[in-house]
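One structure is given below, encoded as C-alpha coordinates.
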Amino acid sequence: MSATKETTTQEPETPKVSIVVEFSGGLEMLFSDQRRHSLSIPATDKEGKAVTISYLIDYLCNRTMKDARKELFVLDDHVRPGILVLINDADWELEGEEAYELQNGDNILFVSTLHGG
Amino acid sequence: MPPALCAVCKTERALIKRPKNHQKLCKGCFIEIFEDEVHHTITSSQLFSRGERVAIGASGGKDSTVLASVLKTLNERHDYGVDLVLLSIDEGIKGYRDDSLETVKRNATQYDMELKIVGYDELYGWTMDQVVETIGKKGNCTYCGVFRRQALDRGAKMLGIKHVVTGHNADDVAETVLMNLLRGDLPRLSRSTSIVTGSDASEVKRSKPLKYAYEKEIVLYAHHKKLDYFTTECIYSPEAFRGSARSLVKNLERVRPSAILDVVRSGEDMARLVPGATPDACGCKGKAPPPPQSAADDENVGGCGSSNGRTVGGDMAAMEKQLRANEAAEAAGLETKVSVSRTEAQRPNSQKQQPEQQKTTGTRLPIITKQTLGNCEKCGYLTSQKLCQACMLLDGLNKNRPQITI
Ligand SMILES: [Zn+2]
Ligand SMILES: [Zn+2]
(Lines give C-alpha, C1' and ligand atoms only; values in the text may rest on other atoms or scores of the structure.)
(Ligands and ions follow the chains in the order given, each with its own letter.)
Protein backbone atom coordinates (compact mmCIF):
# COMPACT_ATOMS: atom_id res chain seq x y z
CA MET A 1 0.00 0.00 0.00
CA SER A 2 3.01 2.29 0.14
CA ALA A 3 4.49 2.24 -3.36
CA THR A 4 2.74 5.03 -5.25
CA LYS A 5 5.78 5.87 -7.27
CA GLU A 6 4.47 7.07 -10.63
CA THR A 7 1.75 9.62 -10.14
CA THR A 8 3.91 12.41 -8.81
CA THR A 9 5.68 14.16 -11.64
CA GLN A 10 3.83 14.14 -14.98
CA GLU A 11 1.20 16.85 -14.62
CA PRO A 12 1.93 19.21 -17.58
CA GLU A 13 1.88 16.51 -20.29
CA THR A 14 -1.69 15.99 -21.41
CA PRO A 15 -2.35 12.29 -21.74
CA LYS A 16 -2.96 11.07 -25.26
CA VAL A 17 -4.70 8.17 -26.95
CA SER A 18 -3.14 6.62 -30.00
CA ILE A 19 -5.57 5.49 -32.62
CA VAL A 20 -5.60 4.61 -36.28
CA VAL A 21 -8.15 6.33 -38.48
CA GLU A 22 -8.81 4.99 -41.96
CA PHE A 23 -10.80 6.38 -44.87
CA SER A 24 -12.11 4.46 -47.82
CA GLY A 25 -14.80 4.33 -50.43
CA GLY A 26 -13.60 7.64 -51.85
CA LEU A 27 -13.33 9.55 -48.57
CA GLU A 28 -9.55 9.29 -48.67
CA MET A 29 -9.72 11.94 -51.38
CA LEU A 30 -10.75 14.45 -48.72
CA PHE A 31 -7.83 13.49 -46.51
CA SER A 32 -4.79 14.12 -48.68
CA ASP A 33 -5.42 10.89 -50.61
CA GLN A 34 -4.14 9.06 -47.61
CA ARG A 35 -6.06 6.06 -46.48
CA ARG A 36 -4.47 5.42 -43.11
CA HIS A 37 -3.74 8.06 -40.49
CA SER A 38 -2.02 7.24 -37.19
CA LEU A 39 -3.12 9.87 -34.72
CA SER A 40 -2.26 10.74 -31.20
CA ILE A 41 -5.06 12.86 -29.80
CA PRO A 42 -5.77 14.26 -26.33
CA ALA A 43 -7.34 11.68 -24.05
CA THR A 44 -9.74 14.19 -22.54
CA ASP A 45 -11.66 17.17 -23.81
CA LYS A 46 -11.83 20.68 -22.37
CA GLU A 47 -14.13 19.54 -19.61
CA GLY A 48 -11.87 16.68 -18.69
CA LYS A 49 -14.14 14.02 -20.14
CA ALA A 50 -12.80 11.07 -22.07
CA VAL A 51 -12.80 11.85 -25.78
CA THR A 52 -15.43 10.31 -27.99
CA ILE A 53 -16.06 9.68 -31.68
CA SER A 54 -17.84 13.00 -31.70
CA TYR A 55 -14.64 14.70 -30.52
CA LEU A 56 -12.67 12.78 -33.12
CA ILE A 57 -14.91 13.97 -35.92
CA ASP A 58 -14.35 17.58 -34.89
CA TYR A 59 -10.67 16.91 -34.60
CA LEU A 60 -10.51 15.37 -38.06
CA CYS A 61 -12.36 18.32 -39.59
CA ASN A 62 -10.20 20.91 -37.92
CA ARG A 63 -6.80 19.28 -37.82
CA THR A 64 -6.52 16.47 -40.32
CA MET A 65 -8.68 17.49 -43.24
CA LYS A 66 -7.01 19.87 -45.66
CA ASP A 67 -9.84 19.77 -48.18
CA ALA A 68 -12.25 22.68 -47.87
CA ARG A 69 -15.31 20.60 -48.69
CA LYS A 70 -16.11 19.73 -45.07
CA GLU A 71 -19.74 19.12 -46.01
CA LEU A 72 -18.73 16.00 -47.87
CA PHE A 73 -17.70 14.49 -44.56
CA VAL A 74 -19.83 16.26 -41.97
CA LEU A 75 -23.31 17.63 -42.37
CA ASP A 76 -25.05 19.54 -39.58
CA ASP A 77 -22.36 18.49 -37.11
CA HIS A 78 -22.88 14.80 -37.79
CA VAL A 79 -21.18 12.36 -40.10
CA ARG A 80 -22.82 12.72 -43.46
CA PRO A 81 -25.57 10.16 -44.05
CA GLY A 82 -24.21 7.47 -46.33
CA ILE A 83 -20.86 7.32 -44.58
CA LEU A 84 -20.38 4.16 -42.51
CA VAL A 85 -18.31 4.21 -39.36
CA LEU A 86 -16.66 1.05 -38.11
CA ILE A 87 -15.07 0.90 -34.68
CA ASN A 88 -12.58 -1.95 -34.56
CA ASP A 89 -14.46 -3.46 -37.51
CA ALA A 90 -17.84 -3.26 -35.78
CA ASP A 91 -20.66 -1.03 -36.97
CA TRP A 92 -20.58 2.00 -34.70
CA GLU A 93 -24.29 1.52 -34.08
CA LEU A 94 -23.25 -1.44 -31.94
CA GLU A 95 -20.76 0.67 -30.02
CA GLY A 96 -22.73 3.76 -29.07
CA GLU A 97 -22.08 5.81 -32.19
CA GLU A 98 -20.80 9.31 -31.47
CA ALA A 99 -20.74 8.71 -27.72
CA TYR A 100 -18.22 5.88 -27.97
CA GLU A 101 -15.14 6.66 -25.85
CA LEU A 102 -11.90 6.17 -27.70
CA GLN A 103 -9.42 3.64 -26.34
CA ASN A 104 -5.74 3.31 -27.00
CA GLY A 105 -5.15 1.24 -30.10
CA ASP A 106 -8.64 1.68 -31.55
CA ASN A 107 -9.11 1.48 -35.29
CA ILE A 108 -11.79 3.79 -36.64
CA LEU A 109 -12.79 3.34 -40.27
CA PHE A 110 -14.94 5.76 -42.26
CA VAL A 111 -16.32 4.29 -45.48
CA SER A 112 -18.30 6.26 -47.99
CA THR A 113 -21.12 4.43 -49.71
CA LEU A 114 -21.81 7.44 -51.89
CA HIS A 115 -19.34 6.85 -54.66
CA GLY A 116 -19.95 4.96 -57.83
CA GLY A 117 -20.81 1.34 -57.95
CA MET B 1 -20.70 -1.83 -23.01
CA PRO B 2 -19.94 -5.53 -23.39
CA PRO B 3 -19.61 -6.64 -26.99
CA ALA B 4 -22.86 -7.94 -28.39
CA LEU B 5 -22.95 -11.52 -29.58
CA CYS B 6 -24.15 -12.68 -32.98
CA ALA B 7 -27.89 -13.36 -32.99
CA VAL B 8 -27.44 -16.44 -35.18
CA CYS B 9 -24.43 -18.40 -33.96
CA LYS B 10 -24.46 -16.84 -30.48
CA THR B 11 -20.73 -17.31 -30.16
CA GLU B 12 -18.95 -14.72 -32.26
CA ARG B 13 -18.88 -11.01 -31.60
CA ALA B 14 -21.51 -9.10 -33.57
CA LEU B 15 -19.98 -6.67 -36.07
CA ILE B 16 -22.94 -5.88 -38.25
CA LYS B 17 -26.33 -4.43 -37.44
CA ARG B 18 -28.65 -5.12 -40.33
CA PRO B 19 -30.55 -2.08 -41.56
CA LYS B 20 -33.65 -4.02 -42.46
CA ASN B 21 -34.33 -5.73 -39.15
CA HIS B 22 -31.69 -4.53 -36.69
CA GLN B 23 -30.37 -8.06 -36.37
CA LYS B 24 -26.85 -8.20 -34.95
CA LEU B 25 -24.55 -10.55 -36.79
CA CYS B 26 -20.96 -11.70 -36.75
CA LYS B 27 -18.90 -11.45 -39.90
CA GLY B 28 -19.31 -15.08 -40.93
CA CYS B 29 -23.06 -15.23 -40.40
CA PHE B 30 -23.52 -11.89 -42.15
CA ILE B 31 -21.67 -13.03 -45.25
CA GLU B 32 -23.66 -16.25 -45.34
CA ILE B 33 -27.01 -14.52 -44.91
CA PHE B 34 -26.19 -11.87 -47.49
CA GLU B 35 -25.35 -14.57 -50.03
CA ASP B 36 -28.42 -16.61 -49.12
CA GLU B 37 -30.66 -13.62 -49.71
CA VAL B 38 -29.21 -12.94 -53.14
CA HIS B 39 -29.62 -16.61 -53.92
CA HIS B 40 -33.24 -16.34 -52.84
CA THR B 41 -33.78 -13.35 -55.14
CA ILE B 42 -32.21 -15.25 -58.04
CA THR B 43 -34.16 -18.45 -57.58
CA SER B 44 -37.52 -16.92 -56.72
CA SER B 45 -37.36 -14.72 -59.81
CA GLN B 46 -35.84 -17.51 -61.89
CA LEU B 47 -33.23 -15.12 -63.19
CA PHE B 48 -30.89 -17.66 -64.70
CA SER B 49 -31.17 -20.72 -66.82
CA ARG B 50 -28.60 -23.46 -67.05
CA GLY B 51 -26.09 -23.02 -69.83
CA GLU B 52 -26.85 -19.32 -70.15
CA ARG B 53 -24.01 -16.86 -70.75
CA VAL B 54 -24.38 -13.91 -68.45
CA ALA B 55 -22.42 -10.66 -68.70
CA ILE B 56 -21.81 -8.79 -65.46
CA GLY B 57 -21.69 -5.05 -66.08
CA ALA B 58 -18.42 -4.37 -64.28
CA SER B 59 -17.08 -0.94 -63.39
CA GLY B 60 -14.58 -1.97 -60.76
CA GLY B 61 -16.80 -0.19 -58.23
CA LYS B 62 -18.27 -1.72 -55.11
CA ASP B 63 -21.66 -2.83 -56.45
CA SER B 64 -20.46 -4.64 -59.53
CA THR B 65 -17.48 -6.10 -57.70
CA VAL B 66 -19.75 -7.49 -54.98
CA LEU B 67 -22.12 -8.75 -57.66
CA ALA B 68 -19.31 -10.58 -59.46
CA SER B 69 -18.01 -12.07 -56.24
CA VAL B 70 -21.41 -13.19 -55.00
CA LEU B 71 -22.47 -14.62 -58.37
CA LYS B 72 -19.27 -16.59 -58.66
CA THR B 73 -19.78 -17.97 -55.15
CA LEU B 74 -23.42 -18.84 -55.73
CA ASN B 75 -22.87 -20.28 -59.19
CA GLU B 76 -20.41 -22.72 -57.68
CA ARG B 77 -22.30 -23.38 -54.46
CA HIS B 78 -25.70 -23.94 -56.02
CA ASP B 79 -24.59 -25.08 -59.45
CA TYR B 80 -26.58 -22.58 -61.53
CA GLY B 81 -24.58 -23.71 -64.52
CA VAL B 82 -24.22 -20.19 -65.92
CA ASP B 83 -21.18 -18.89 -67.74
CA LEU B 84 -20.22 -15.55 -66.17
CA VAL B 85 -18.35 -12.90 -68.17
CA LEU B 86 -17.22 -9.47 -67.00
CA LEU B 87 -18.24 -6.68 -69.36
CA SER B 88 -16.65 -3.27 -68.86
CA ILE B 89 -17.22 -0.02 -70.64
CA ASP B 90 -14.42 2.39 -71.39
CA GLU B 91 -15.92 5.85 -71.75
CA GLY B 92 -12.70 7.22 -73.13
CA ILE B 93 -11.90 9.71 -70.39
CA LYS B 94 -8.16 9.97 -70.30
CA GLY B 95 -6.83 8.71 -67.00
CA TYR B 96 -10.25 8.18 -65.45
CA ARG B 97 -10.75 4.53 -66.29
CA ASP B 98 -7.14 3.49 -66.02
CA ASP B 99 -7.36 2.52 -62.36
CA SER B 100 -10.87 1.11 -62.47
CA LEU B 101 -10.08 -0.98 -65.54
CA GLU B 102 -7.01 -2.26 -63.75
CA THR B 103 -9.33 -3.23 -60.89
CA VAL B 104 -11.63 -5.06 -63.27
CA LYS B 105 -8.66 -6.84 -64.79
CA ARG B 106 -7.59 -8.00 -61.34
CA ASN B 107 -11.17 -9.07 -60.63
CA ALA B 108 -11.15 -11.13 -63.82
CA THR B 109 -8.11 -12.98 -62.52
CA GLN B 110 -9.40 -13.24 -58.97
CA TYR B 111 -12.75 -14.64 -60.08
CA ASP B 112 -11.37 -16.52 -63.07
CA MET B 113 -13.79 -14.85 -65.46
CA GLU B 114 -13.47 -13.75 -69.04
CA LEU B 115 -13.29 -9.95 -69.40
CA LYS B 116 -14.46 -7.87 -72.32
CA ILE B 117 -13.81 -4.12 -72.45
CA VAL B 118 -15.81 -2.07 -74.95
CA GLY B 119 -15.01 1.56 -75.72
CA TYR B 120 -17.41 4.41 -76.47
CA ASP B 121 -15.31 5.07 -79.56
CA GLU B 122 -16.07 1.59 -80.90
CA LEU B 123 -19.74 1.92 -80.10
CA TYR B 124 -20.47 5.55 -80.87
CA GLY B 125 -17.50 7.00 -82.67
CA TRP B 126 -16.97 9.42 -79.79
CA THR B 127 -14.95 9.17 -76.64
CA MET B 128 -16.20 11.16 -73.65
CA ASP B 129 -13.14 13.37 -73.91
CA GLN B 130 -14.17 14.26 -77.45
CA VAL B 131 -17.74 14.90 -76.28
CA VAL B 132 -16.48 17.26 -73.60
CA GLU B 133 -14.27 19.00 -76.11
CA THR B 134 -17.36 19.68 -78.16
CA ILE B 135 -20.03 20.51 -75.61
CA GLY B 136 -18.11 21.53 -72.52
CA LYS B 137 -18.06 19.96 -69.11
CA LYS B 138 -21.52 20.78 -67.91
CA GLY B 139 -24.17 18.26 -68.82
CA ASN B 140 -21.82 15.71 -70.24
CA CYS B 141 -22.85 13.26 -67.51
CA THR B 142 -26.10 12.89 -69.39
CA TYR B 143 -24.28 11.85 -72.53
CA CYS B 144 -22.13 9.53 -70.53
CA GLY B 145 -25.18 7.99 -68.84
CA VAL B 146 -27.19 7.55 -72.04
CA PHE B 147 -24.24 6.07 -73.86
CA ARG B 148 -23.45 3.80 -70.97
CA ARG B 149 -26.94 2.44 -70.72
CA GLN B 150 -26.79 1.19 -74.28
CA ALA B 151 -23.13 0.34 -74.13
CA LEU B 152 -23.73 -2.70 -71.98
CA ASP B 153 -26.46 -3.95 -74.30
CA ARG B 154 -24.46 -3.27 -77.42
CA GLY B 155 -21.36 -4.78 -75.90
CA ALA B 156 -23.30 -7.86 -74.90
CA LYS B 157 -24.72 -8.13 -78.40
CA MET B 158 -21.23 -7.99 -79.83
CA LEU B 159 -20.34 -10.92 -77.63
CA GLY B 160 -23.48 -12.82 -78.48
CA ILE B 161 -24.65 -12.61 -74.87
CA LYS B 162 -28.34 -12.12 -74.18
CA HIS B 163 -28.36 -11.41 -70.49
CA VAL B 164 -26.66 -8.55 -68.66
CA VAL B 165 -26.74 -8.29 -64.87
CA THR B 166 -26.03 -4.99 -63.17
CA GLY B 167 -25.16 -4.04 -59.62
CA HIS B 168 -28.25 -1.91 -58.94
CA ASN B 169 -29.03 -2.15 -55.25
CA ALA B 170 -32.05 -1.38 -53.07
CA ASP B 171 -30.89 2.20 -52.53
CA ASP B 172 -30.71 2.73 -56.29
CA VAL B 173 -34.20 1.34 -56.76
CA ALA B 174 -35.58 3.37 -53.85
CA GLU B 175 -34.05 6.50 -55.30
CA THR B 176 -35.59 5.86 -58.70
CA VAL B 177 -38.96 5.07 -57.17
CA LEU B 178 -38.95 8.36 -55.26
CA MET B 179 -37.91 10.37 -58.29
CA ASN B 180 -40.50 8.84 -60.55
CA LEU B 181 -43.11 9.25 -57.87
CA LEU B 182 -42.23 12.91 -57.48
CA ARG B 183 -42.69 13.48 -61.18
CA GLY B 184 -45.72 11.24 -61.46
CA ASP B 185 -44.11 9.05 -64.07
CA LEU B 186 -45.87 5.78 -63.52
CA PRO B 187 -44.62 3.83 -66.53
CA ARG B 188 -41.07 4.47 -65.55
CA LEU B 189 -41.85 3.79 -61.92
CA SER B 190 -43.14 0.44 -63.02
CA ARG B 191 -40.07 -0.35 -65.09
CA SER B 192 -37.64 0.80 -62.48
CA THR B 193 -38.98 -1.55 -59.85
CA SER B 194 -38.88 -4.52 -62.18
CA ILE B 195 -36.08 -6.96 -61.50
CA VAL B 196 -35.89 -8.02 -65.14
CA THR B 197 -36.21 -5.74 -68.13
CA GLY B 198 -35.86 -6.34 -71.83
CA SER B 199 -35.53 -9.79 -73.39
CA ASP B 200 -38.14 -9.66 -76.15
CA ALA B 201 -36.75 -11.73 -78.96
CA SER B 202 -33.38 -10.38 -79.95
CA GLU B 203 -33.19 -7.81 -77.22
CA VAL B 204 -30.77 -8.18 -74.40
CA LYS B 205 -32.32 -9.08 -71.08
CA ARG B 206 -31.21 -7.13 -68.05
CA SER B 207 -31.58 -7.96 -64.42
CA LYS B 208 -30.56 -6.72 -61.01
CA PRO B 209 -29.80 -9.57 -58.61
CA LEU B 210 -28.87 -7.10 -55.84
CA LYS B 211 -32.19 -5.29 -56.09
CA TYR B 212 -33.08 -6.08 -52.46
CA ALA B 213 -29.59 -5.58 -51.07
CA TYR B 214 -28.89 -2.45 -49.06
CA GLU B 215 -26.01 -0.38 -50.26
CA LYS B 216 -24.75 -0.36 -46.71
CA GLU B 217 -24.59 -4.14 -46.64
CA ILE B 218 -22.94 -4.23 -50.04
CA VAL B 219 -20.19 -1.98 -48.74
CA LEU B 220 -19.89 -4.07 -45.57
CA TYR B 221 -19.79 -7.28 -47.58
CA ALA B 222 -16.98 -5.86 -49.71
CA HIS B 223 -15.18 -4.72 -46.58
CA HIS B 224 -15.45 -7.94 -44.62
CA LYS B 225 -14.63 -10.11 -47.61
CA LYS B 226 -11.75 -7.75 -48.38
CA LEU B 227 -12.86 -7.40 -51.98
CA ASP B 228 -10.72 -5.44 -54.34
CA TYR B 229 -12.81 -2.52 -55.56
CA PHE B 230 -12.18 0.94 -56.78
CA THR B 231 -13.73 4.28 -55.96
CA THR B 232 -13.40 7.54 -57.71
CA GLU B 233 -15.56 10.43 -58.47
CA CYS B 234 -15.99 10.96 -62.16
CA ILE B 235 -13.70 13.90 -62.84
CA TYR B 236 -16.31 15.50 -65.04
CA SER B 237 -19.00 15.19 -62.45
CA PRO B 238 -18.23 16.92 -59.17
CA GLU B 239 -21.93 17.27 -58.51
CA ALA B 240 -22.63 13.56 -58.81
CA PHE B 241 -22.20 13.59 -55.07
CA ARG B 242 -25.13 15.81 -54.31
CA GLY B 243 -28.04 14.12 -55.98
CA SER B 244 -30.97 15.21 -53.95
CA ALA B 245 -33.01 12.04 -54.25
CA ARG B 246 -29.96 10.11 -53.13
CA SER B 247 -29.59 12.32 -50.08
CA LEU B 248 -33.24 11.82 -49.36
CA VAL B 249 -32.78 8.05 -49.38
CA LYS B 250 -29.76 8.28 -47.10
CA ASN B 251 -31.55 10.62 -44.71
CA LEU B 252 -34.54 8.31 -44.57
CA GLU B 253 -32.23 5.44 -43.78
CA ARG B 254 -30.71 7.45 -40.98
CA VAL B 255 -34.08 7.96 -39.38
CA ARG B 256 -35.45 4.52 -40.05
CA PRO B 257 -33.15 2.00 -41.70
CA SER B 258 -35.92 -0.21 -43.00
CA ALA B 259 -37.27 2.72 -45.03
CA ILE B 260 -35.21 1.80 -48.07
CA LEU B 261 -36.79 -1.60 -48.60
CA ASP B 262 -40.15 -0.13 -47.64
CA VAL B 263 -39.84 2.34 -50.51
CA VAL B 264 -38.84 -0.47 -52.87
CA ARG B 265 -41.85 -2.54 -51.82
CA SER B 266 -44.17 0.45 -52.06
CA GLY B 267 -42.80 1.10 -55.52
CA GLU B 268 -43.58 -2.47 -56.51
CA ASP B 269 -47.08 -2.17 -55.10
CA MET B 270 -47.77 1.07 -56.92
CA ALA B 271 -46.26 -0.30 -60.10
CA ARG B 272 -48.77 -3.13 -59.93
CA LEU B 273 -51.51 -0.54 -60.31
CA VAL B 274 -50.11 0.83 -63.54
CA PRO B 275 -52.21 -0.39 -66.46
CA GLY B 276 -50.40 -2.89 -68.59
CA ALA B 277 -47.56 -3.34 -66.19
CA THR B 278 -46.71 -6.56 -64.44
CA PRO B 279 -44.04 -5.66 -61.99
CA ASP B 280 -42.56 -8.06 -59.58
CA ALA B 281 -42.36 -8.46 -55.93
CA CYS B 282 -40.05 -11.02 -54.54
CA GLY B 283 -41.40 -14.12 -56.25
CA CYS B 284 -41.50 -16.12 -53.06
CA LYS B 285 -45.15 -15.36 -52.55
CA GLY B 286 -45.76 -18.52 -54.47
CA LYS B 287 -46.36 -16.96 -57.83
CA ALA B 288 -44.65 -17.68 -61.08
CA PRO B 289 -42.00 -15.13 -61.92
CA PRO B 290 -43.41 -12.08 -63.66
CA PRO B 291 -42.82 -11.59 -67.35
CA PRO B 292 -40.05 -9.14 -67.90
CA GLN B 293 -40.82 -5.51 -68.41
CA SER B 294 -39.82 -4.04 -71.68
CA ALA B 295 -36.63 -2.09 -71.44
CA ALA B 296 -36.89 1.32 -72.89
CA ASP B 297 -33.73 3.23 -73.02
CA ASP B 298 -34.98 5.80 -70.59
CA GLU B 299 -34.95 3.52 -67.61
CA ASN B 300 -32.70 4.54 -64.82
CA VAL B 301 -30.04 6.19 -66.86
CA GLY B 302 -27.39 7.35 -64.54
CA GLY B 303 -24.56 9.73 -64.28
CA CYS B 304 -21.07 8.55 -64.61
CA GLY B 305 -18.72 6.93 -62.27
CA SER B 306 -20.50 3.65 -62.13
CA SER B 307 -22.42 1.20 -64.15
CA ASN B 308 -25.38 2.12 -62.07
CA GLY B 309 -28.02 4.60 -62.89
CA ARG B 310 -27.75 7.18 -60.26
CA THR B 311 -29.16 10.54 -59.42
CA VAL B 312 -29.75 12.02 -62.82
CA GLY B 313 -32.05 9.24 -63.97
CA GLY B 314 -35.37 10.88 -64.59
CA ASP B 315 -33.87 14.01 -65.99
CA MET B 316 -33.96 12.21 -69.24
CA ALA B 317 -37.66 12.81 -69.68
CA ALA B 318 -37.32 16.53 -69.40
CA MET B 319 -34.28 16.52 -71.56
CA GLU B 320 -35.83 14.32 -74.16
CA LYS B 321 -38.75 16.71 -74.54
CA GLN B 322 -36.43 19.58 -75.03
CA LEU B 323 -34.36 17.65 -77.47
CA ARG B 324 -37.34 16.89 -79.60
CA ALA B 325 -38.51 20.47 -79.53
CA ASN B 326 -35.15 21.93 -80.19
CA GLU B 327 -34.45 19.23 -82.77
CA ALA B 328 -30.86 19.85 -83.71
CA ALA B 329 -30.69 20.98 -80.14
CA GLU B 330 -27.85 23.36 -80.58
CA ALA B 331 -25.75 20.84 -78.81
CA ALA B 332 -23.59 23.51 -77.36
CA GLY B 333 -26.61 25.05 -75.70
CA LEU B 334 -27.71 21.74 -74.34
CA GLU B 335 -25.32 21.87 -71.51
CA THR B 336 -27.38 24.42 -69.71
CA LYS B 337 -30.38 22.15 -69.68
CA VAL B 338 -29.23 18.67 -69.15
CA SER B 339 -27.27 19.47 -66.07
CA VAL B 340 -27.91 17.56 -62.92
CA SER B 341 -30.09 20.27 -61.54
CA ARG B 342 -33.51 18.97 -62.33
CA THR B 343 -35.28 21.95 -60.92
CA GLU B 344 -33.63 23.93 -63.68
CA ALA B 345 -34.90 21.57 -66.29
CA GLN B 346 -38.45 21.81 -65.08
CA ARG B 347 -38.63 25.49 -64.51
CA PRO B 348 -40.63 27.00 -67.33
CA ASN B 349 -38.34 29.95 -67.77
CA SER B 350 -35.07 28.12 -67.82
CA GLN B 351 -33.09 29.58 -70.59
CA LYS B 352 -33.28 28.71 -74.24
CA GLN B 353 -36.79 27.39 -74.17
CA GLN B 354 -39.14 28.15 -76.98
CA PRO B 355 -42.37 29.84 -75.98
CA GLU B 356 -44.54 27.01 -77.30
CA GLN B 357 -42.57 24.62 -75.24
CA GLN B 358 -43.29 26.50 -72.08
CA LYS B 359 -46.81 25.29 -72.20
CA THR B 360 -45.84 21.69 -71.87
CA THR B 361 -42.99 22.33 -69.57
CA GLY B 362 -44.95 24.58 -67.28
CA THR B 363 -47.65 22.03 -66.82
CA ARG B 364 -45.34 19.10 -66.69
CA LEU B 365 -45.93 15.90 -64.84
CA PRO B 366 -48.54 14.46 -67.16
CA ILE B 367 -49.65 11.11 -65.99
CA ILE B 368 -48.93 8.79 -68.84
CA THR B 369 -50.43 5.42 -68.32
CA LYS B 370 -49.03 3.71 -71.33
CA GLN B 371 -46.18 4.18 -73.65
CA THR B 372 -45.67 2.74 -77.04
CA LEU B 373 -42.27 1.30 -77.46
CA GLY B 374 -40.76 0.93 -80.86
CA ASN B 375 -37.34 0.65 -82.34
CA CYS B 376 -34.93 3.46 -82.96
CA GLU B 377 -34.94 4.31 -86.67
CA LYS B 378 -31.19 4.50 -86.69
CA CYS B 379 -29.91 1.73 -84.49
CA GLY B 380 -32.91 -0.42 -83.66
CA TYR B 381 -32.66 0.09 -79.94
CA LEU B 382 -35.95 -0.09 -78.07
CA THR B 383 -37.33 3.38 -77.45
CA SER B 384 -40.55 5.32 -77.12
CA GLN B 385 -39.32 7.92 -79.59
CA LYS B 386 -38.35 7.84 -83.25
CA LEU B 387 -34.73 7.93 -82.31
CA CYS B 388 -33.27 6.49 -79.17
CA GLN B 389 -31.58 8.87 -76.80
CA ALA B 390 -28.09 7.90 -77.84
CA CYS B 391 -28.84 8.51 -81.49
CA MET B 392 -30.46 11.85 -80.65
CA LEU B 393 -27.43 12.93 -78.72
CA LEU B 394 -25.12 11.64 -81.44
CA ASP B 395 -27.08 13.62 -84.01
CA GLY B 396 -26.41 16.80 -82.13
CA LEU B 397 -22.81 15.89 -81.55
CA ASN B 398 -22.08 14.96 -85.12
CA LYS B 399 -23.43 18.29 -86.33
CA ASN B 400 -20.97 19.96 -84.02
CA ARG B 401 -17.99 17.82 -84.83
CA PRO B 402 -15.12 20.11 -85.70
CA GLN B 403 -14.85 20.20 -89.49
CA ILE B 404 -11.71 18.72 -90.87
CA THR B 405 -10.37 20.82 -93.71
CA ILE B 406 -8.75 18.85 -96.45
ZN1 LIG C 1 -22.60 -15.59 -36.14
ZN1 LIG D 1 -30.60 4.57 -81.75
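To find a chain, count down the sequence lines: A is the first, B the second, and so on, and within it residues start at 1.
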Non-hydrogen atoms of [X] and [Y] that approach each other most closely:
X        : Y        : answer
A/Ala90  : B/Ala14  : CB-O, 4.3 Å
B/Asn251 : A/Pro81  : OD1-CG, 3.1 Å
A/Asp89  : B/His224 : O-CE1, 3.5 Å
B/Arg13  : A/Glu95  : NH2-OE2, 3.2 Å

Side-chain heavy atoms of A/Leu94 within contact of B/Ile16, under 4.5 Å: no

Can you check whether B/His223 reaches A/Leu109 side chain to side chain, under 4.5 Å on heavy atoms?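 SC-SC contact between B/His223 and A/Leu109 confirmed.
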
If you measure from [atom1] on [X] to [atom2] on [Y], what distance do you get to the nearest 0.5 Å?
X       : Y        : atom1 : atom2 : result
B/Lys62 : A/Ser24  : NZ    : OG    : 11.5 Å
A/Asn88 : B/Leu15  : CG    : CG    : 9.5 Å
A/Leu75 : B/Arg254 : CG    : CZ    : 10.0 Å

Using a strict threshold of under 4.0 Å (side-chain N to carboxylate O), is an ion pair present between A/Glu93 and B/Lys216?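 Salt bridge: yes.
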
For the residue pair A/Thr113 / B/Lys250, report whether a side-chain donor-acceptor contact shorter than 3.5 Å exists. yes

Could you go through the salt bridge (charged side-chain N to carboxylate O under 4.0 Å, His left out) check for A/Asp91 and B/Lys24 one step at a time? CA-CA 10 Å; A/Asp91 191 325; B/Lys24 296 170 183 173; over 6 Å; no

Is it the case that more than 12 heavy atoms not belonging to B/Asn21 sit under 6.0 Å from its CG atom? yes

Check this for me: A/Lys49, atom NZ, are more than 12 non-hydrogen atoms of other residues, nucleotides or ligands nearer than 6.0 Å? no

